[in-house]
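Whatever order the structure lists them in is the order used to number ligands and atoms, beginning at 1. Just so you know, these numbers come straight off a predicted model, no measurement behind them.
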Amino acid sequence: MTTKKVAAKKNTPETPQLSKSALKNAIVKHLHSTLGTDENKANNHAWWKATCAAIQELVLEGLRKTQKSHYFNDTRAVHYLSAEFLMGRLLSNNMHNLNLFETADGALNELGVSLADVLEEEPDMALGNGGLGRLAACFIDSLATMEMPAIGYGIHYEHGLFRQEIKNGAQIERPDSWRDYGNPWEICRPESTQEVSLYGYVETKYGDNGRIQKEWHPGSIVKGVPWDIPVVGYAGKTVNVLRLWQCQSSAYFNWDVFNAGGYVDAQRENVQAETISKVLYPNDETQAGKELRLIQQYFFCACSLKDIIRRYKRAHGDDWSRFTDQVVIQLNDTHPAIAIPELMRILVDRAELDWDKAWDICTRTFAYTNHTLLPEALEKWPASMLEKILPRHLEIIYEINHRFMAQVEKKWPGNNVVKAKLSIIEESGEKMVRMGNLSVIGSFRVNGVAEIHSKLVKQNLFPEFDQLWPEKLTNVTNGITPRRWLKACNPALSALVDKKVGADWPTNLDKLSGLTASASNKAFQKQFMQVKRNNKIALAKTIKELTGIDVNVDAIFDVQIKRLHEYKRQHLNLLHILALYRRLLENPNYDMHPRVFIFGAKAAPSYTLAKDIIYAINQVAEKINNDPRVNTKLQVVFLPNYRVSLAEKMIPAADVSEQISTAGKEASGTGNMKLALNGAVTIGTLDGANIEIAEEVGDDNIFIFGLTVEEVEALKAKGYNPHDYYYANAEIKAVLDWLETDFFTPGKPGALASVKHSLLSGGDPYLVLADFEAYSEAQKAVDKAYRDPARWAEMAIMNTAKMGKFTSDRSIADYVNRIWNLTPCNVDD
Ligand code: 26W
């Protein structure tokens with residue numbers, strides 16, 4: 001493989017492709033002829049749709065040119081397979097990337113309409129749970145910006161992640177219906193519909209050449225209909241696509257299975273096709289082993305592979321020899337790992353290639369990204385379930401494993417312990433297929449998502465694989481797109497940065513280091529902190545609208561936004577809030593700068609303790625916010641329905657970023673990068689990308705506390721007893737006991753007790769109590785630093801200045817240079 005160095009593209013926005021009056025005309029035209037309304041009748045929703053339609057005209061022009069260029073240049077492309085793409089809203093993003101934001105603002109203004117109000121009409125495309133799905137969205141933004149031939153493949157869920165309501169402090173899940181009134185960006189492509197087989201049985205036949213032939217007689221066939229979402233690169237001409245598959249029933253009746261006597265079985269197993277792409281599973285980090293989820297995974301992988309192969313064959317016919325020159329497939333976690341045996345099935349059973357030739361193609365095609373070490377998140381499927389749904393794939397997996405075990409025997413003769421560990425099949429209890437092992441064996445490269453995470457993947461998760469293939473396991477540190485996460489969400493800071501370092505930082509994020517020189521400049525500090533204050537005023541308004549709470553904008557805005565999980569330790573934050581409350585009650589003159597703790601988090605609907613923690617946060621908030629003895633110094637806000645569009649409002653207003661996971665548990669984190677980019681200072685553990693953020697900003701500009709990975713391991717090895725901390729630290733004991741009273745839940749003593757019990761009798765698996773004191777001390781240091789305005793301003797500026805590394809353009813350049821081997825393709829007129 002040749003290694004070309006591909007740097008992030010250094011383009012700046014070109015002059016707008018449309019004048020204000022032309023855009024105004026286009027919007028009005030769509031209001032009339034697409035929406036059948038007029039300027040007098042139109043509400044904001046109609047204005048939103050008309051504006052989208054006007055912008056989409058330009059987007060589709062770019063899409064057509066891009067596809068033509070890619071076709072004529074016969075480009076090698078990456079195919080990013082992901083069960084989740086958390087796109088958020090697209091109008092503002094597309095306008096920014098086309099350099100039409102100001103133009104549109106002006107055009108709508110002349111029409112008497114507020115662009116800000118129009119943007120609020122767009123529902124989020126919430127087709128993802130959290131970090132993994134948002135990473136996929138940032139990556140396709142960077143791929144288009146860097147003019148890389150790329151396509152995202154995923155599922156066109158009818159319902160994305162549930163909408164969260166808070167009723168009497170508790171989370172209620174409501175269905176998300178992002179397309180109820182139509183989605184102006186998506187284009188249905190019925191001409192590219194694919195069929196997908198499920199269930200049935202496998203027949204073994206002998207071909208004319210005496211070769212064993214396998215034929216899968218499916219019990220059920222469903223249709224995959226593609227919807228394309230254009231992905232507009234920043235200032236570039238490339239418009240790639242995200243292709244999402246929707247499942248529909250096919251008018252298929254399987255006479256084969258009927259005649260073989262399996263009709264009743266086949267019918268019984270006949271899934272209602274429409275349910276397959278109905279809803280996104282809301283589990284983050286726990287694998288549930290649900291049949292429908294496996295079918296979802298196979299469904300989108302089978303559709304995507306057929307699509308990839310159709311496009312390859314259009315250019316190269318039946319000659320498979322160039323397939324791996326043209327196609328690389330990235331597996332976003334193990335969710336699409338079933339694509340590996342699916343490609344083998346196509347090559348061996350359909351194209352009739354030898355096994356070895358087929359396996360060679362396969363293992364040059366796939367690369368796999370691991371996003372978690374948590375054992376409960378590592379996907380395993382019962383072999384019996386695979387046998388029922390995908391009988392031929394299970395046979396292929398056994399064959400892959402059989403041949404791989406021979407390789408293991410060569411390297412570790414007679415070592416059954418290593419064999420049992422490396423086998424794709426787990427035999428200890430019910431036979432299970434380990435999708436992680438399958439992914440490592442079937443890929444040419446495997447990456448973790450931050451330095452420490454990748455080190456732990458090598459040392460703890462896959463050490464023997466690393467010995468077997470020392471080049472295979474590697475790191476690509478995550479990144480975020482600065483277009484959405486600074487330029488679009490924080491226009492005031494962007495304008496200030498433009499003035500200081502020039503306007504090309506969105507595609508050259510290292511340019512932000514030009515702010516360093518002004519970090520201690522009083523005038524610049526004042527401007528920077530004025531922007532922050534205005535953003536806090538704007539967020540305070542949102543908080544008031546969403547919760548009715550009036551927050552003090554002169555307080556420290558301390559933000560923890562991420563999925564609710566014990567390992568992320570929102571309850572560590574909560575215990576510290578309780579400690580502050582108690583200190584204030586004991587000593588009304590307790591010296592602290594006013595602080596507002598702000599949370600946003602969804603809990604998986606079946607994760608009871610996570611929901612209990614949300615309830616506890618809300619009950620504590622209610623009490624503190626209404627306690628006049630403390631509420632000038634301490635406030636707590638839980639913002640409901642945390643999602644991309646709410647993140648875009650919270651992040652620009654944050655002073656402090658809470659990144660407090662137990663060391664070794666958070667693979668990377670990406671919210672940490674977004675907050676720091678917007679000038680929030682991190683309080684965090686040495687976990688995930690926090691370590692690399694600390695390296696970039698320097699020890700003076702971050703608050704690191706708590707046990708390291710090694711210390712966590714040592715403490716667990718020696719036997720961790722949370723009661724030791726409970727009895728040794730009066731404050732810990734007092735706040736935990738407080739949770740058991742009815743102080744926060746009048747008339748309902750014990751309503752918050754599960755949080756306490758998880759930390760004592762539950763064994764405190766994430767070492768909350770062990771890290772409490774260090775966290776509390778670090779919070780005192782935060783308080784002290786904030787009370788020195790010059791020091792704080794310098795820290796905040798340094799955080800923005802030093803985030804260059806964390807642009808997703810750098811992540812993509814790493815993938816392109818070290819894994820995908822792509823060349824950018826110029827899209828010319
Ligand atoms: C099978 C259920 C399930 C569903 C989702 C298991 C695991 C997941 C994801 C891997 C969860 C996830 O989003 N992981 C996050 O990925 C981010 C992007 O790499 C990282 O920044 C986060 O640290 C990691 O938790």
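Listed by number with element, the atoms of ligand 1 under 4.0 Å from a non-hydrogen atom of Asp333 are 10 (C). Proximity to Gln287 (heavy-atom distance under 4.0 Å) selects the following atoms of ligand 1: 1 (C). Near Tyr567, the atoms of ligand 1 lying under 4.0 angstrom from a non-hydrogen atom of the residue are 25 (O). Every atom of ligand 1 with a heavy atom of Ala667 under 4.0 Å away is listed here by number and element: 23 (O). With ligand atoms numbered from 1 in the order given, ligand 1 contributes 11 (C), 13 (O) to contacts under 4.0 Å with heavy atoms of Asp284.
The ring of Phe597 has its center no closer than 6.0 angstrom to the ring center of Phe557. Aromatic rings of His156 and Trp245 (six-membered ring for Trp) have centroids beyond the 6.0 Å cut-off, not under it. Between Tyr298 and His393, the distance from one ring center to the other falls under 6.0 angstrom. Checked against the 6.0 Å centroid threshold, Tyr766 and His571 do not count as a close aromatic pair.
Side-chain polar atoms of Asn475 and His453 form no donor-acceptor pair below 3.5 angstrom. Asn447 and Thr474 form no side-chain donor-acceptor contact under 3.5 Å, judged by distance and modelled atom types alone. Between the side chains of Ser82 and Glu84, no donor-acceptor pair is found at a separation under 3.5 Å.
Looking at ligand 1, you'll find an N or O of Gly669 within less than 3.5 Å of one of its N or O atoms. Residue Leu135 places no N or O, backbone or side chain, under 3.5 Å from any N or O of ligand 1. By the 3.5 Å distance cut-off applied to N or O atoms, His371 is counted among the residues near ligand 1. Between Asn478 and ligand 1, at least one pair of N/O atoms sits closer than 3.5 Å. Considering both main-chain and side-chain atoms, Lys568 never comes within under 3.5 Å of ligand 1 through any nitrogen or oxygen pair.
With sequence neighbours excluded, the residues satisfying side chain to side chain donor-acceptor pair (under 3.5 Å) with Asn573 are Gln560.
Contacts between Val449 and ligand 1 below 4.0 angstrom, taking non-hydrogen atoms only, involve the side chain exclusively. When heavy-atom distances to ligand 1 are checked against a 4.0 Å cut-off, Thr286 comes that close only through its backbone atoms N, CA, C and O.
Among all heavy-atom pairs drawn from Leu575 and Leu759, the shortest one is CD1-CD1, 3.9 Å.
For atom 4 (C) of ligand 1, the nearest non-hydrogen atom of the protein is Asn283 O, 3.3 Å. Among protein heavy atoms, atom 11 (C) of ligand 1 sits closest to Glu285 OE2, 3.4 Å. The protein heavy atom nearest to atom 23 (O) of ligand 1 is Glu666 OE1, 2.6 Å. The single protein non-hydrogen atom nearest to atom 9 (C) of ligand 1 is Leu132 CD1, 3.9 Å, given as residue, atom name and distance.
At least one heavy atom of His335 lies less than 4.0 angstrom from ligand 1.
Crowding of Glu711 atom CD: a count of heavy atoms from other residues, nucleotides or ligands under 6.0 Å exceeding 12.
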Practice problem: Quick one: do Tyr157 and Val279 satisfy side chain to side chain contact (heavy atoms under 4.5 Å, CB included)? Show the steps, please. | Solution: CA-CA 5 Å; Tyr157 298 107; Val279 57; 5.8 Å; no
